[in-house]
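Notes to accompany the following structure.
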Amino acid sequence: MEVIESLGYQVYFDDTLASLETFLSERNYSKIIVLVDTNTLDNCLPLFQQALPNLSNYDVIEVDPGEENKNIDFCIGVWQNMLDFGADRHSLLINLGGGVVTDMGGFAASTFKRGMDFIQIPTTLLSQVDASVGGKTGIDMGNVKNIIGTFAQPQAVFISSQFLKTLDRRQLVSGFAEVIKHGLIFDREYYDSVKSMDITQVDNALVKHSVSIKNRVIVEDPKEKGLRKILNFGHTIGHAIEGYSLLNDRNPLLHGEAIAVGMICEGYLSHKLNGLSLDELNNLIATFRKYFNDYIFNSAIDTALLDLMRNDKKNLSNQIGFALLDKIGSCQYDIFVSEDDIIESLDFYRELIAR
Ligand SMILES: NC(=O)c1ccc[n+]([C@@H]2O[C@H](COP(=O)([O-])OP(=O)(O)OC[C@H]3O[C@@H](n4cnc5c(N)ncnc54)[C@H](O)[C@@H]3O)[C@@H](O)[C@H]2O)c1
Ligand SMILES: O=C(O)C(=O)C[C@@H](O)[C@H](O)[C@H](O)COP(=O)(O)O
Ligand SMILES: [Zn+2]
């Protein structure tokens, strides 16, 4: 078993979840509640129960799956269940699921009775390499992503590759967008090693490498005053596209799919405004187009996308904020881009996929 030390807690890479059993036996929680969605109830709760045969006294809260449910209504449901179950400040919430469950569960726990303990057991690739670590918790409001939330660190994170076995390919690829991002912003060698890999070969070593990159960034800047903004590469435009798609498409883009589009557009801005070479831009584009389908969208929605970007948390005094690459493996933040340039990057994407 391997462990990464994060912000006052451990991230365990442990397929047996024995470390979870030890963790629970060392703490005297008044009550344990497990938050799942309907898919992790079926696919992940049985593995959790097998790993903890001696844990019998816990309650389960179930929410509907998917980004459309990462909102205040479902959060109220979680809070109400915690009240009904008699949770107090010495209780523990175990978030067993993907990023929707870890984000919303972390938020619900961090605000319940002004804060109770929670742990993350991420069950998607995306939540293992990214969402479960670092303490960003939150919910969406309408189609504005993660606009209500807290920085609240879990007591521990337990990562087991066992959970990934039931994940479908589309979800695996979505999580891979954040893996590619980690290489692009921080580690050229890692990017080169993942950019053409067979996605079914994702293993603990890869997850651990991604977590170690994210962890180095968040330990230096837990509350995103500066450096942490690089973890947001692709997200200014990506979140706008994700939010737009959520409300307007019958089969909305997943987070990773949207930020893959965002990383191509922001790759273009990196080339135009921040010194990323044309060769490296083309390299980045080829990588994303290898794994991700094109997203067709019309310039008629640019105004709506800009409206969403006006809510980005990196903005300052009405200027839209970006993290941009200067080369593969290196990223700068607090770069403010004009609306004309943003639209140019959307046009670039549209022309690219029309070729
Ligand atoms: N807090 C952060 O730092 C951070 C980082 C990245 C992304 N996020 C957020 O994470 C969310 C996306 O997370 P996600 O991609 O995990 O989505 P998700 O939680 O919606 O999970 C994807 C789907 O897979 C199902 N699922 C989960 N585990 C499964 C398993 N083991 N087997 C079968 N099905 C399973 C879920 O029920 C869901 O239908 C977004 O809301 C995004 O904003 C947060
Ligand atoms: O941990 C971070 O910091 C990130 O930015 C990671 C992102 O991949 C993630 O999507 C995060 O939820 C975005 O946060 P937000 O502050 O832009 O909502
Ligand atoms: Zn993300």
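Whatever order the structure lists ligands and atoms in, that order sets their numbers, starting from 1.
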Legend entry - Tally of protein N, O or S atoms, where distance to the Zn ion (ligand 3) is under 2.8 Å: 3
Legend entry - Sub-4.0 Å heavy-atom approach of K181 to ligand 2: yes
Inset, instruction - Would you tell me which option among N95, L126, D130 has the nearest heavy-atom contact to atom 7 (C) of ligand 1? - result: L126
Inset, instruction - May I ask you to check whether over 12 heavy atoms, not counting those of M197, lie within 6.0 Å of atom CE? - result: yes
Legend entry - Non-hydrogen atom of D103 closer than 4.0 Å to ligand 1: yes
Inset, instruction - Would you check whether K70 has a nitrogen or oxygen atom less than 3.5 angstrom from a nitrogen or oxygen atom of ligand 1? - result: yes
Legend entry - Winner among K165, E68, K214 once heavy atoms are compared against atom 3 (O) of ligand 1: K214
Inset, instruction - Ignoring angles and geometry beyond distance, decide whether V100 reaches within less than 3.5 Å of ligand 1 through its nitrogen or oxygen atoms. - result: yes
Inset, instruction - Count the heavy atoms of every other residue, nucleotide or ligand shown that sit under 6.0 Å from CG of D168, and state whether that count exceeds 12. - result: yes
Legend entry - Any C44 heavy atom less than 4.0 Å to ligand 1: yes
Legend entry - Within-shell test, K314 vs ligand 2, heavy atom, strictly < 4.0 Å: no
Inset, instruction - Specify the protein heavy atom at minimum distance from atom 17 (O) of ligand 1: its residue, its atom name, and the distance to 0.1 Å. - result: G99 N, 4.0 Å
Legend entry - Atom NZ of K113: over 12 foreign heavy atoms under 6.0 Å: yes
Inset, instruction - Kindly check if the number of other-residue, nucleotide or ligand heavy atoms within 6.0 Å of CG (L278) is above 12? - result: yes
